[in-house]
Amino acid sequence: MRELVKTYNPKEVEEKWYKFWEEQGYFRADNRENRPVFSIVIPPPNITGSLHMGHALNTTIQDIIVRWKRMSGYNTLWLPGTDHAGIATQNVVERHIAAEGSSRREYGRKGFIEKVWEWRGHYGRTIIYQLKRLGASCDWSRERFTMDEGMSRAVREVFVRLYEEGLIYRGSYIINWCPRCMTALSDLEVEHENIRGKLYHVRYTLTDGSGALTVATTRPETILGDTAVAVNPDDARYRDFIGKRVFLPIVGRELPVIADDVVDMEFGTGALKITPAHDPHDFEVGNRHGLQKLKVMADDGVMNDEAGPYKGMERFQCRKTILKDLSDRGDLIKEEDYLHAVGHCYRCKTIIEPNISRQWFVSMKPLAEPAIKAVEDGSVPFIPEGWKNTYFEWMYNIKEWCISRQIWWGHRIPAWYCGSCEGVTVSRTDPSSCRHCGSLAISQDEDVLDTWFSSALWPFSTLGWPEKSEDLKRFYPTSVLVTGFDILFFWVARMLMMGLKFMGDVPFREVYIHPLIRDADGQKMSKSKGNVIDPLIMMDKHGTDALRFTLAAMSSPGRDIRLSEERIEGYRNFANKIWNAARFIFMNLEEESAILDPAALTLPDRWILSRLNRTVADVTKMLGEYRFDLAAGAVYRFFWHEFCDWYVEFAKLQITEGGKKKDNTVAVLIRTMDTALRLLHPFMPFITEEIWQQLHKSSIMTAPYPSMEESFIDDTVESRMDSIMDIVKSVRSVRSELDVPPTKAVDVHMKINSDALRELIEGHLVYLKRLTSAENIVTGTNISRPALSAILIFSGGEMYLPLAGIIDIEKERWLLEKRLKKVSEEINRIENKLSNRAFIDKAPEEVVLKERDKYKELTEQKERVEANLSWLNG
RNA sequence: GGGCGGAUAGCUCAAUUGGGAGAGCGCAGCCCUUACAAGGCUGAGGUCACAGGUUCGAUCCCUGUUCCGCCUACCA
């Protein structure tokens, strides 16, 4: 058997095995098989993206689930793909060609889109290679892209059907406008940020000269678009103003003073300027009162013709100038500091301008209803459950969805406008004439759809819809959706709505929402803050398995992950531990593999097999509950602190005995390692494959996931091993406290109270000697204390370590006193409890019994400690 | 403004339905014991944020307070 190198080298093995898995077709799902199905679709990363920790976590969790299910015998599909990310991609490619000294306009629409496709061909697939580096076992033969032909057809089908049902419509409303991206955005694409701004009080004088009103505004530049001033009808201060007119400052236009109860009397001055074309609130007021909607700003954020003297001024420059002019005229009454939320473009962080504009919308309420119900009635559980509330809150108050974007890269809106009759033709296939009048003078809408419109169809469009494909029949609904809560509304909610609408069934049976990753200080990772931990660099430095295990171990529900490189190093060490345990086993392997003889198992053998099978049960249970943290913790503890720390040490002794004992020990080592590797494989696919291949000459991916073997679970064995281990730990502890190094051999005299315990100890003296570095061990029920010896009181008896010439009486006394204090405190506590009548009466019997047992045991120990102390003093 | 989550060892986090709290990292001491120094052994450390309440008993359940996050919202 060839010896392994001393430290595990991830780089060598990762690429090799990933290639092997792909070549063998292990990732591929079969749509003709009749095994139970498990399917997931990946949250498609943007083609502009580079792998960050969020992807790494999301991918790792899905891969853990998928590899586990695959090994458990499911016909498993993990369908991968990418998202065309309209605005983001267009921005990136525009920057790209700007660097070449060109521009989007120069290319023209057709040329630019060709350029984007070209760009995607070159750079848009890096994220896919990075997912592969993570070990993602996706079925790459089914990879999809939101702009590919099939998905585009699905988008069109959905658009047309919703339009025909009246759920998609076109109209002029206030939308969020990004003057930099020059496009409309949905409400979700606006990030609100608290900004320390000012509330400006501006005076509007009445045309009849009878006085003035003061309004408060945060955006003085919109004064130019005012078409009324509103007050609350119940406001006694302004009752006489209603129906009068005021002069718009600077401009001099006359505005009516109207009454509307949306005006909050408490806020500001109680008088509200109304700008229906530039404020959603005012838009409504304008509609109610039939006010003119006066646009004073162009789409690029520059004031237009209607702005009079301010025409051509950038919006914030205009604000400054207007403030100065108002102030010069004495119409600026005061400025108040004011903290308020200001919307920013989620792509470019530019301040959003609410703007009246003609756009396409989806009517959400009818779509939301069934999606709410599906979550309410438990058809789609959320894990953790708490996210349901967040989901409901958004869904109950859902708003219309603005889906048109004034960009080029994306699914073009399938609507054609007629130059002759003004009719709109919405069609699955490109029409050549107007549906209404037959005119050939039609032209397609210039806009494209919100990227999330196509993502919403992902779980069924990727499977071939609107065709009734085999994949769709077999794999829809998917088994679970794994995602972060940051796209709960953007994506999860919309998929639910669309899935129910077009498939008549939920798109996924469960939603697992994983935490978000932050840095060690709890800050969001961002390039501008410079606090990103790059998963690619981490994989290079510490190995993919270490990174994956870290992410799994740290994803506790309901809490963000504060990632630090030290944690990754810690689990890199774990990988190395696994590697070295394997090395140890390989060093002891014979040509012929040993068969495990259940009749010849020693106590440690039976113990490790019992612990192993409990771990199998724990890990499987935790995986089923999406507790990757607990699953990872359980297998980590077992492997390191039970298998390596204890069993391997016992095994060394059993191996030196040779013969049958050795063979059986090696068999147990292999059995344990073998099972542990399979348990670990979903977490650490590469190292487990590398070791497994050397052990079995086959792939661990096709090995069955372990299931608990009840017959190996043995409480008695475990408690007997606990006794042995306790004794070892006690002796080690005393040696350490008294500064007796392991190199110094000592004798151990053991006075044991019960026959059973004595038998147990005597049966395992070899182990005890070795693990405590004892020269001789003397046991008996009537052992007396040797002179100059250290004393050790344990639950079944006492131990003496003769330490002539070494023992330090003071230190010994200190140890005993420390023990006495601890025991006495514990006794006091229990005494208090047991002397409480109410406790005896009301507490469950088993709890009372437990306390009584503990009391008895402790009082005995206390007596013995005291006896030894007085012996020491005497 | 509304909603959700968190506060436990120096740091990051656990604790299966209430019966005196664990791990990793860090720290200290001793060890190169032939799988592993990316290691082994041992140890120190916590009024479980604060104040009440329910209970025989509360880190856990209830109420309130303080301090942090996050989501959401058209008070201009």
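Just so it is clear: chains get the letters A, B, ... in the order the sequence lines come, proteins before strands, and each one is counted from 1.
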Q: Establish, for the pair Arg494(A) and Trp401(A), whether the NZ or CZ atom is under 6.0 angstrom from the six-membered ring centre and no further than 45 degrees off its axis.
A: yes
Q: Provide, to the nearest angstrom, the distance between the CZ atom belonging to Arg819(A) and the C1' atom belonging to G43(B).
A: 16 Å
Q: Check for me whether Lys273(A) meets the cation-pi criterion with Tyr204(A), that is, NZ or CZ under 6.0 Å from the six-membered ring centre and within 45 degrees of the ring axis.
A: no
Q: Select base, sugar-phosphate, or nothing to describe what Asp645(A) touches, counting heavy atoms under 4.0 Å on all strands.
A: sugar-phosphate
Q: Let me know the distance between CZ of Arg583(A) and P of U34(B), rounded to the nearest Å.
A: 12 Å
Q: On a plain distance test, is the side chain of Lys6(A) in donor-acceptor contact with the base of C36(B) below 3.5 Å?
A: no
Q: With heavy atoms under 4.0 Å as the rule, sort His201(A) into base, sugar-phosphate or nothing.
A: nothing
Q: Under 4.0 Å, heavy atoms only, any strand: does Pro354(A) hit a base, just the sugar-phosphate, or nothing?
A: nothing
Q: Check the side chains of Asn828(A) and Glu825(A) for a donor-acceptor pair under 3.5 angstrom, ignoring hydrogens and angles.
A: no
Q: Remember a base hit wins even if backbone is also touched, and classify Asp264(A) as base, sugar-phosphate or nothing at under 4.0 Å, heavy atoms.
A: base
Q: Heavy atoms only, 4.0 Å cut-off, all strands: where does Lys729(A) land among base, sugar-phosphate and nothing?
A: sugar-phosphate
Q: Ile840(A) CD1 to G57(B) C1': how many Å, rounded?
A: 12 Å
Q: Reckon Val215(A) touches a base, only the sugar-phosphate, or nothing at all at heavy-atom distances under 4.0 Å?
A: nothing
Q: Determine whether the side chains of Tyr855(A) and Glu831(A) contain a donor N or O and an acceptor N or O closer than 3.5 Å.
A: yes
Q: Can you give the dot-bracket line for RNA chain B, using ( ) for pairs inside the strand, [ ] for pairs that cross earlier ones, | for pairs with another strand and . for unpaired bases, where Watson-Crick and G-U count if both distances are under 3.5 Å?
A: (((((((..((((.....[..)))).(((((.......))))).....(((((..]....))))))))))))....
Q: Is Leu488(A) touching bases, backbone alone, or none of the nucleic acid, heavy atoms closer than 4.0 Å?
A: nothing
Q: Where does G40(B) land, syn or anti, once you apply the within-90°-of-0 test for syn?
A: anti
Q: Give, for atom CG of Leu332(A) and atom CD1 of Ile322(A), the distance between the pair rounded to the nearest 0.5 Å.
A: 11.5 Å
Q: Once you round it to whole Å, what is the distance between P of C70(B) and CD1 of Ile517(A)?
A: 16 Å
Q: At what distance, to the nearest 0.5 angstrom, does OG1 of Thr275(A) lie from CG of Leu272(A)?
A: 8.0 Å
Q: Have a look at Trp640(A) and say if it touches a base, only the backbone sugar-phosphate, or nothing, with a 4.0 Å heavy-atom cut-off.
A: sugar-phosphate
Q: Can you see if the side chain of Ser733(A) gets near the phosphate of G43(B) - specifically, an N or O under 4.0 Å from OP1 or OP2?
A: yes
Q: Does Glu191(A) have more than 12 heavy atoms from other residues, nucleotides or ligands lying within 6.0 Å of its CD?
A: yes
Q: Whole angstroms only, please: what is the CD-C1' distance between Glu191(A) and U72(B)?
A: 13 Å
Q: Please report, rounded to the nearest Å, how far the P atom of A76(B) is from the CG atom of Leu199(A).
A: 8 Å
Q: Between A15(B), C70(B), A44(B), which nucleotide gets closest to the side-chain atoms of Lys818(A)?
A: A44(B)
Q: Any idea which of U72(B), A76(B), G19(B) is nearest the Val847(A) side chain?
A: G19(B)
Q: Using a heavy-atom cut-off of 4.0 Å across all strands, would you classify Glu826(A) as base, sugar-phosphate, or nothing?
A: nothing
Q: Taking only the side-chain heavy atoms of Asn576(A) (C-beta and beyond), determine which of A76(B), G19(B), C36(B) contains the nearest atom.
A: C36(B)
Q: What nucleic acid atoms does Tyr338(A) come within less than 4.0 Å of, heavy atoms only: base, sugar-phosphate, or nothing?
A: sugar-phosphate
Q: How is Phe489(A) classified with respect to the nucleic acid when contacts are heavy atoms under 4.0 Å: base, sugar-phosphate, or nothing?
A: sugar-phosphate
Q: Inspect the surroundings of CZ in Arg770(A) and state if more than 12 heavy atoms from other residues, nucleotides or ligands are less than 6.0 Å away.
A: no
Q: From C-beta outward on Thr390(A), which listed nucleotide comes closest to its side chain: C71(B), G24(B), G43(B)?
A: C71(B)
Q: At 4.0 Å (heavy atoms only), tell me whether Lys399(A) reaches a base, stays on the sugar-phosphate, or touches nothing.
A: sugar-phosphate
Q: Quick one: CD on Glu690(A) to CD1 on Ile578(A), what's the gap to the nearest 0.5 Å?
A: 13.0 Å
Q: Taking any heavy-atom pair under 4.0 Å as a contact, classify Arg735(A): base, sugar-phosphate, or nothing.
A: nothing
Q: Taking atom P in both U8(B) and C68(B), what distance in whole Å separates the two?
A: 15 Å
Q: Which listed nucleotide (G24(B), C74(B), A76(B)) is nearest to the side chain of His281(A)?
A: C74(B)
Q: Quick one: pull up CG in Leu213(A) and CZ in Arg203(A) and give me the separation to the nearest 0.5 Å.
A: 11.5 Å
Q: Could you measure between the two C1' atoms, the one in U47(B) and the one in C32(B), and give it in whole Å?
A: 44 Å
Q: When all nucleic acid strands are considered with a 4.0 Å heavy-atom cut-off, which category describes Arg732(A): base, sugar-phosphate, or nothing?
A: sugar-phosphate
Q: In whole angstrom, give the distance that lies between atom CD of Glu846(A) and atom P of G19(B).
A: 11 Å
Q: Can you tell me how far P of G5(B) sits from NE2 of His514(A), to the nearest Å?
A: 19 Å
